[in-house]
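Because only heavy atoms are used, hydrogens play no part in the values below, and waters and symmetry mates are left out as well, while side chains stay in. Just follow the structure's listing: the first ligand is 1, and inside any ligand the first atom is 1. Note that the structure is predicted; figures quoted are calculated from it, not measured.
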Amino acid sequence: MSHILLVTGAAGGLGRAVVARAALTGAKIAVVSRDAQHLADAFGEAHTHIAADVSTFDGAQLAIKHCVETLGAPSMLAHCVGNILLAPVARTTEAQYRDVMRANLDSAFFTLGAFVAAARSAAIPASACFVSTIAAGIGIANHEAVAAAKGGLEAMVRSAAATYAASGMRFNAVAPGLMDTPAAAKFLSSPALREASAKQYPLGSIGSADEIAEVMLWLLSDSARRVTGQTWTVDGGFTAVRPLVR
Ligand SMILES: NC(=O)c1ccc[n+]([C@@H]2O[C@H](COP(=O)([O-])OP(=O)(O)OC[C@H]3O[C@@H](n4cnc5c(N)ncnc54)[C@H](OP(=O)(O)O)[C@@H]3O)[C@@H](O)[C@H]2O)c1
């Protein structure tokens, strides 16, 4: 039986990479964006397109309902919605804070709730993968809002993994470092900026969306059937390694 995979933030850098890899597995794929044109630009007529804002309760319910009615209940969720804000807490406006929480935490919470309800009513096994950031696990300057939102996301993943373990459902997250996608474009807009960023990582270079997509699809797959409640860090050694300074 082929899987039905719902990808949120599908027209973004990571979302596109997840969809491209998942398409090779023969999964039926529903792609979600707030803007139908983003989906048309990214995927043409391929896949099932769903225009919904999953950062709201109603939007997340709508996205899952549309998937159930057109493809069936999704057995896998790759939640790729999110944004980045670089600002110290004392210079973060209320509007910026709300935007970060909406994009990174509200969207994850509402989408997970709707996904689990649909999987339970269809009585199918299900797994979901979310996207955190290394800034949730280690203090990185000027990331207070994103760290708060993604730290909440990681805690949500652990709790949901506990709640639904007996039902055979698995929930995990990945934590990338800087990843070469539209969200990071302004931090990588010149060769000098790219070089300075790459130097922050013991393994060098900037992470790619495809590397993260590969890990997400593994976590979603049955090959990871003993893995739940985890956040898998993929960061070129940023958080775990302190190389010799020469
Ligand atoms: N790029 C990095 O360096 C980096 C590092 C660590 C973690 N991350 C995380 O990786 C994930 C994927 O990001 P990406 O790099 O692929 O960025 P991206 O290309 O900007 O894609 C993210 C997508 O999320 C959707 N989105 C943004 N704000 C939203 C909101 N308020 N409500 C609903 N949808 C919203 C947008 O889709 P539509 O406009 O089409 O709806 C956007 O295309 C995010 O969770 C991000 O926080 C990224």
Looking at [X], I want to see if its [atom1] is surrounded by more than 12 non-hydrogen atoms of other residues, nucleotides or ligands under 6.0 Å.
X	atom1	answer
Phe109	CZ	no
Glu195	CD	no
Tyr201	OH	yes

* Asp180 and Arg194: side-chain contact (heavy atoms from CB on, under 4.5 Å), yes or no, with the steps? -> CA-CA 10 Å; Asp180 197 351; Arg194 290 188 86 87; 2.6 Å; yes

* **NZ/NE/NH1/NH2 to OD/OE distance under 4.0 Å, Glu154 and Lys150** => no

* Would you check ligand 1 and list the protein residues that come within less than 4.0 Å of it by any heavy atom, ordered by chain and number? => Gly12, Gly13, Leu14, Ser33, Arg34, His38, Asp53, Ser55, Cys80, Val81, Gly82, Asn83, Ile84, Ala103, Asn104, Val131, Ser132, Thr133, Lys150, Pro176, Gly177, Leu178, Met179, Thr181, Pro182, Ala183, Ala184

* Give the intermediate values and the outcome of side-chain contact (heavy atoms from CB on, under 4.5 Å) for residues Met156 and Leu112. => CA-CA 9 Å; Met156 175 198 78; Leu112 176 60; 3.8 Å; yes

